Q: 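Okay, here's the structure, questions in a sec.
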Amino acid sequence: MDAAEAEVAVRAMLSAAGLSPPPEEVAQLVAGYPALRAAADALYQVPAARYADPALRFRAADTARVDWAEG
Amino acid sequence: MTDFPLTLTEAAAALRAGAVTSVELTRNAIARADQLDGSLGVYLARFDDYALNAAVTADAELASGRDRGPLHGIPCAVKDILAMAEGPTTAQSLVLDPDWGAGRDAPVVARLKRAGAVLTGKVSTMEFAIGMPDASKPFPLPRNPWNTGTWPGGSSSGSGAGVAAGLFYMAIGTDTAGSIRWPAAFCGVSGLMPTFGRVPKSGCVPLGYSLDHIGPLARTAADCAAALEVIAGPHPSDPDCVDAPFTAPAPAAGLAGVRIGVVTENQISDQADPALRPAFEAAVAVLAARGADVREVRLPYWREMVTANIVTIMSEALAYHRGDLASRWDDYFAATRMVIAQGALLSAADYVQAQRVRRVAQQAVGDLFTEVDLIAAPTVQAGAISYRELGERGLGGRGRPGAMINTGYWDCVGNPALALPIGFTADGLPLSMQLAARPFDEAAALQAGQVYQEATRWHREQPALAGGL
């Protein structure tokens with residue numbers, strides 16, 4: 001990914017998220033993006049994760065709404 | 001009384017022996033805060049009157065034979081991202097809604113109160129437990145008692161600095177990538193990140209929902225054990241929190257039969273402080289001399305867990321902050337907004353893939369723990385960084401402090417880890433090792449920590465600034 005591609009991608013994703021940092025901070029995000037992208041891409045290269053179940057939580061029976069100041 | 005106990009457990013014993021009262025301990029804590037906090041920036045809010053009233057009650061209860069346990073009558077503090085009824089929760093931010101948590105106690109705070117702890121106030125954090133100190137915002141810059149030109153680490157900055165300076169005996173911190181163990185290391189105190197799901201995290205401003213751990217910073221492993229016994233246990237408001245009883249372990253005579261894996265790969269880089277390797281090797285030698293079976297191991301999926309930690313924090317934090325980031329960008333600390341905004345540069349699939357790799361690493365670490373009972377590694381690769389250097393270099397990137405902490409791995413896999421002081425750099429700044437254990441086996445790490453601290457004095461060292469009182 002070259003700098004121009006990174007800039008286009010970062011600007012588009014920030015805009016999609018409704019974020020509008022000033023130019024100097026966009027430049028910092030653009031500069032760091034290729035490394036972040038490469039690190040995230042490397043997670044797809046872990047063979048043992050090919051059929052792994054993600055460590056997410058969702059339990060259908062969790063229907064009670066419990067306030068944390070109670071109980 | 002002029003010579004006050006140094007540790008929580010010593011203070012608890014002195015209270016029961018009649019050598020000191022809770023009111024005396026609390027007045028001393030207030031006096032130390034009056035003298036030192038102007039230069040340390042520990043407190044965001046002090047509750048002197050509330051604390052003194054709690055101390056009076058504690059003394060009366062103890063005198064009447066009502067003993068609520070080892071925290072009863074002990075001055076303690078709470079990181080200002082947990083709700084406490086006596087004051088507002090700020091998360092050290094202009095952004096957090098001041099009504100959030102107003103007049104209410106987080107379950108952990110409620111448990112501390114029920115245990116008779118004397119809560120002296122709310123203490124500093126990095127904004128929303130992430131980012132960096134920002135002098136442009138109206139909050140104190142937390143400073144390290146070992147050298148006030150250096151940073152105490154974060155994000156539980158005030159918790160670490162306050163324990164090291166003797167402003168209180170224990171403080172609650174939180175750990176999402178190392179925020180208990182990092183300040184514990186920089187400030188030369190002990191800090192325990194419990195197993196994920198050991199302590200309810202509701203009533204605490206979230207950073208990473210699947211990574212946040214609440215735990216104690218205190219002078220010793222035994223102090224941390226006493227605190228964990230109070231705050232552990234399920235709460236219906238936190239679906240992650242499980243019913244796994246914890247009892248502070250009895251002191252062990254030694255470590256015979258305990259298998260300890262020692263990790264140096266990726267933990268002591270060419271950027272590490274020169275004093276770290278010999279200090280860590282000496283610490284491991286102490287464990288071996290006390291009977292531990294020590295062997296070299298490597299941590300599986302190290303690099304992947306470093307990435308998974310970052311991806312997960314950025315993604316989970318952005319979900320919480322996106323609305324405020326969009327409308328109040330400038331109100332955030334500069335470092336906070338730049339870290340969290342990177343969540344927008346990741347995809348939903350990236351997030352889920354990080355959770356798949358976490359599962360793989362979790363299982364690989366489980367396999368490793370069939371061969372060893374504990375894993376020892378340096379907590380951080382250097383002593384506290386100076387504010388000058390922090391301003392020049394920032395936190396992230398190779399050779400920078402963010403790349404020198406060895407803590408986020410354990411947040412990702414969820415195992416407990418205990419940070420312990422092990423010596424000093426040539427500049428007199430503390431160094432630290434961490435002992436990780438199997439899930440819900442904090443007792444193994446705490447017991448080994450106690451054995452280590454019976455054989456060493458690092459945990460009793462005090463910064464000149466604090467010891468001079």
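Computed from a predicted structure; not experimentally measured. Every chain is numbered from 1 and lettered A, B, ... according to where its sequence line falls, protein lines coming before strand lines.
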Q: Checking heavy atoms, do the side chain of A341(B), its backbone, both or neither come under 4.5 Å from chain A?
A: both

Q: Side chain, backbone, both or neither: which part of A349(B) has a heavy atom under 4.5 Å from chain A?
A: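 Both backbone and side chain of A349(B) come within 4.5 Å of chain A.
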
Q: Given the options L43(A), V46(A), L36(A), which has more heavy-atom pairs under 4.5 Å with chain B than any of the others?
A: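 Of L43(A), V46(A), L36(A), L43(A) has the most heavy-atom pairs under 4.5 Å with chain B.
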
Q: Hey, is K201(B) close enough to D238(B) for a salt bridge, meaning N to O under 4.0 Å?
A: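 Here K201(B) pairs with D238(B) in a salt bridge, since their nearest N and O are under 4.0 Å apart.
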
Q: Give, as side chain, backbone, both or neither, the part of R337(B) having an atom under 4.5 angstrom from any heavy atom of chain A.
A: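 Interface part for R337(B): side chain.
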
Q: Name the orientation class of the two ring planes belonging to W100(B) and W68(A) (parallel below 30°, tilted from 30 to 60°, perpendicular beyond 60°).
A: tilted

Q: Is R104(B) paired with D67(A) through a side-chain N to carboxylate O contact shorter than 4.0 Å?
A: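 A salt bridge links D67(A) with R104(B).
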
Q: Which heavy atom of R358(B) sits nearest a heavy atom of D411(B), and at what distance?
A: NH2-O, 3.9 Å

Q: Relative to chain A, which of E304(B), R322(B), M314(B) shows the most heavy atom pairs under 4.5 Å?
A: R322(B)

Q: With under 30° as parallel and over 60° as perpendicular, where do the rings of Y409(B) and W302(B) fit, or are they tilted in between?
A: parallel

Q: Heavy atoms only, distances under 4.5 angstrom: which of A326(B), S202(B), G203(B) has the most pairs with chain A? Name it, please.
A: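 If we count pairs closer than 4.5 Å to chain A, G203(B) comes out on top.
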
Q: Heavy-atom cut-off 4.5 Å, strictly under: side chain, backbone, both or neither for Y351(B) against chain A?
A: side chain

Q: For the candidates V311(B), D105(B), V109(B), V352(B), which exhibits the highest count of non-hydrogen atom pairs separated by less than 4.5 Å from chain A?
A: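 Of V311(B), D105(B), V109(B), V352(B), D105(B) has the most heavy-atom pairs under 4.5 Å with chain A.
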
Q: Can you tell me which of V357(B), L345(B), T307(B) forms the most heavy-atom pairs within a distance under 4.5 Å of chain A?
A: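 It is L345(B).
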
Q: Of all of A40(A), A12(A), P54(A), which one pairs up most often with chain B through heavy atoms under 4.5 Å apart?
A: P54(A)

Q: Just give me the residue among G32(A), A49(A), G18(A), A17(A) that pairs up with chain B most often, heavy atom to heavy atom, under 4.5 Å.
A: A17(A)

Q: Say you draw a straight line from CZ of R50(A) to CD of Q45(A); how long is it, rounded to the nearest 0.5 Å?
A: 11.5 Å

Q: What part of A9(A) gets closer than 4.5 Å to chain B, counting heavy atoms only: side chain, backbone, both or neither?
A: neither

Q: Start with the C-alpha distance between R57(A) and D240(B), add both sets of side-chain angles, then the distance that settles salt bridge (charged side-chain N to carboxylate O under 4.0 Å, His left out), and finish with yes or no.
A: CA-CA 9 Å; R57(A) 69 173 196 233; D240(B) 292 321; 2.4 Å; yes

Q: Need one label for A48(A): side chain, backbone, both or neither, based on atoms under 4.5 Å from any heavy atom in chain B.
A: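 Contact with chain B: backbone and side chain both.
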
Q: Select one option (side chain, backbone, both, neither) describing which atoms of D350(B) are under 4.5 Å from chain A's heavy atoms.
A: both

Q: Between E5(A) and R37(A), is a salt bridge (charged side-chain N to carboxylate O under 4.0 Å, His left out) present by the stated rule, with each step listed?
A: CA-CA 12 Å; E5(A) 289 172 326; R37(A) 187 66 258 155; over 6 Å; no

Q: Given D212(B), which of T176(B), V199(B), T174(B) fulfils the side chain to side chain contact (heavy atoms under 4.5 Å, CB included) condition?
A: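 The passing option is T176(B).
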
